[in-house]
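Both backbone and side-chain heavy atoms feed into the values below; hydrogens, waters and symmetry mates do not.
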Amino acid sequence: MRIRRAPPVQTEPPTILLALKGLYMAGLLTYEELEQIAARAVYAHFDSGHVILAEGAMSDAFYIIVGGLVEAAITLPDRTRTVTEVLEPGSHFGITTMLANEPSFLELHAQ
């Protein structure tokens, strides 16, 4: 048996347009509308533990996860913190808070 080490693979994150096209709601938009959104979008990197959207804060952005995990948690009346879900690549958050002009009832932070 002969074994050799494979060269390391360098991966690039998907383009913003590709990430948008992967969302279920993309079917409601035209290609031109998706391009307009992508033109205004930016990549943001968050270190593990960084609070992306605090509980009670207003969202000024719509986030699409292209890599890593984001933990969503809520503080209960007895002040305990409960994780409601862990968002994976392809998931999104922030749009409801942004469009409804309501503060977030969840805290979202990078894993």
Same cluster or not: [X] versus [Y], using hydrophobic residues (I, L, V, M, F, W, Y) connected whenever any side-chain heavy atoms lie under 4.5 Å apart?
{"X": "Leu34", "Y": "Ile95", "value": "yes"}
{"X": "Met25", "Y": "Ile16", "value": "yes"}
{"X": "Ile74", "Y": "Leu87", "value": "yes"}

Check [X] against [Y] and note the closest heavy-atom contact, atom names and distance.
{"X": "Glu35", "Y": "Leu17", "result": "N-CD1, 4.0 Å"}
{"X": "Ala54", "Y": "Ser104", "result": "O-CB, 3.9 Å"}
{"X": "Ala26", "Y": "Lys21", "result": "CB-O, 3.7 Å"}
{"X": "Gln111", "Y": "Ser48", "result": "C-OG, 3.1 Å"}
{"X": "Ser59", "Y": "Thr97", "result": "N-CG2, 3.5 Å"}
{"X": "Val66", "Y": "Ala19", "result": "CG1-CB, 3.8 Å"}

| said: Angle between ring planes, Tyr24 versus His92, binned at 30° and 60°: parallel, tilted or perpendicular? | reply: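 It falls in the tilted class, 30° to 60°.
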
| query | Is the closest basic N to carboxylate O distance between Arg81 and Glu55 below 4.0 Å? | reply |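 No salt bridge links Arg81 with Glu55.
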
Would you say the side chain of [Y] lies within less than 4.5 Å of the side chain of [X], judging by non-hydrogen atoms?
{"X": "Leu106", "Y": "Phe93", "result": "no"}
{"X": "Leu69", "Y": "Glu88", "result": "yes"}
{"X": "Val51", "Y": "Glu107", "result": "yes"}
{"X": "Leu29", "Y": "Ile37", "result": "yes"}
{"X": "Phe62", "Y": "Leu23", "result": "yes"}

